[in-house]
Amino acid sequence: MTTIELKPSARPLADAEREAILADPGFGRHFTDHMVSVRWTEGRGWHDAELVPYAPLSIDPANMTLHYAQEIFEGLKAYRRPDGSVATFRPEANAARFRASARRMAMPEVPDELFVAACDALVKQDQAWVPAHGGESSLYLRPFMIATEVGLGVRPAKEYLFLVIASPAGAYFPGGVKPVSIWISEDRVRAVPGGVGDAKTGGNYAASLLAQAEAAQHGCAQVAYLDAVEHKWVEELGGMNLYFVYGNKIVTPTLTGSLLAGITRDSLLKVARDLGYESEESRVSLDQWRADTENGTLTEVFACGTAAVITPVGTVKTASGEWTQSGGEAGEVTMKLRGSLLDIQTGKAEDKHGWMHGIV
Ligand SMILES: *Cc1c(COP(=O)(O)O)cnc(C)c1O
């Protein structure tokens with residue numbers, strides 16, 4: 001079932017107003033004219049797939065999501081290519097991860113075909129909202145699923161809503177790429193073995209906000225989390241994976257079950273090899289991070305995720321001291337990888353891995 005009934009808005013935003021938004025979209029502040037909505041009920045499965053005008057949802061106060069947080073989401077981008085066509089980056093990977101998140105949260109899986117068709121239908125309808133080729137701007141897609149059953153019993157709901165909304169996103173670094181400062185949280189954790197850290201669920205973000213506020217008190221923009229058992233192994237940031245650059249080799253923490261398997265992370269393992277670097281997954285301890293920076297073998301550190309693609313790490317602060325990566329500047333390997341991946345995404349470079357999914 002992948003037929004999405006089109007019920008477009010009779011009153012989309014005027015061209016001039018949309019262009020004014022696209023001139024400075026920011027991130028997650030403006031939404032396009034439409035959304036895709038698909039219902040699931042026990043016994044019937046997925047049905048009523050439709051593209052409708054973007055509008056508020058009407059939710060019963062006893063909606064199960066509001067109380068027990070069965071919610072999962074995804075994030076991917078549609079880019080305008082040099083010839084004016086539009087393509088998304090690895091939507092099948094997002095579809096697969098969405099299914100994995102659904103399984104972990106005891107929610108129904110959206111078939112990959114339906115997931116991709118829903119994203120395609122929205123991008124096609126709202127293609128005027130995809131920023132022009134040239135910069136790093138894109139149309140950010142946010143597929144998500146909530147339970148819609150009403151009741152306070154604690155069990156998996158029997159009704160769900162899968163939605164896709166879209167928001168134009170400006171360049172993450174409008175003034176040029178700037179290294180981010182990182183606070184290492186040595187007491188608070190993001191995820192635990194056997195928990196939900198590898199599911200893209202809203203609760204993981206709720207759990208990260210206090211540590212994020214503490215990072216801000218220490219003058220840092222982001223938090224890096226350590227493993228919950230030994231408080232020793234570096235895991236990731238609240239919404240981005242980490243990479244450590246050792247000369248010609250890039251190393252990212254192994255997916256132990258409490259890390260989110262980033263699609264940017266996975267793509268960079270391959271892009272690095274294309275560029276002649278080595279890439280590997282391995283455990284990295286906080287002590288090693290610090291010692292290898294001091295002895296000069298660890299040359300750069302960066303974070304990666306769909307929103308920023310790659311963010312260099314500048315200052316690193318812990319309760320017991322701080323240090324700086326690559327002189328507080330964006331490193332050379334970091335910037336090469338960033339440029340290479342963005343060139344594939346924006347259609348400037350050849351897509352030899354078949355990652356781009358053309359829509360219009
Ligand atoms: C979404 C997310 C990432 C990055 O994943 P991408 O697929 O690269 O965008 C990393 N960590 C967490 C916790 C996330 O939620």
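In listed order, ligands and their atoms are each counted from 1.
Residues that satisfy the ring-ring contact (aromatic ring centres under 6.0 Å, His included) test with His231, not counting sequence neighbours, are absent from this structure. Partners of Trp355 by side-chain hydrogen bond (donor to acceptor under 3.5 Å, both in side chains), not counting sequence neighbours: none found. For Arg104, there are no side-chain hydrogen bond (donor to acceptor under 3.5 Å, both in side chains) partners two or more places apart in sequence or in a different chain.
By the 6.0 Å contact criterion, CZ on Arg11 is open, its count of non-hydrogen atoms from other residues, nucleotides or ligands being 12 or less.
Protein residues with a heavy atom under 4.0 Å from ligand 1 are Arg97, Arg190, Lys200, Tyr205, Glu236, Gly238, Gly239, Met240, Asn241, Leu260, Gly262, Ile263, Thr264, Gly305, Thr306.
Ring-centre distance between Phe244 and Trp289: below the 6.0 Å cut-off.
The residues Glu109 and Arg103 are annotated as salt-bridged, a charged nitrogen and a carboxylate oxygen being separated by less than 4.0 angstrom.
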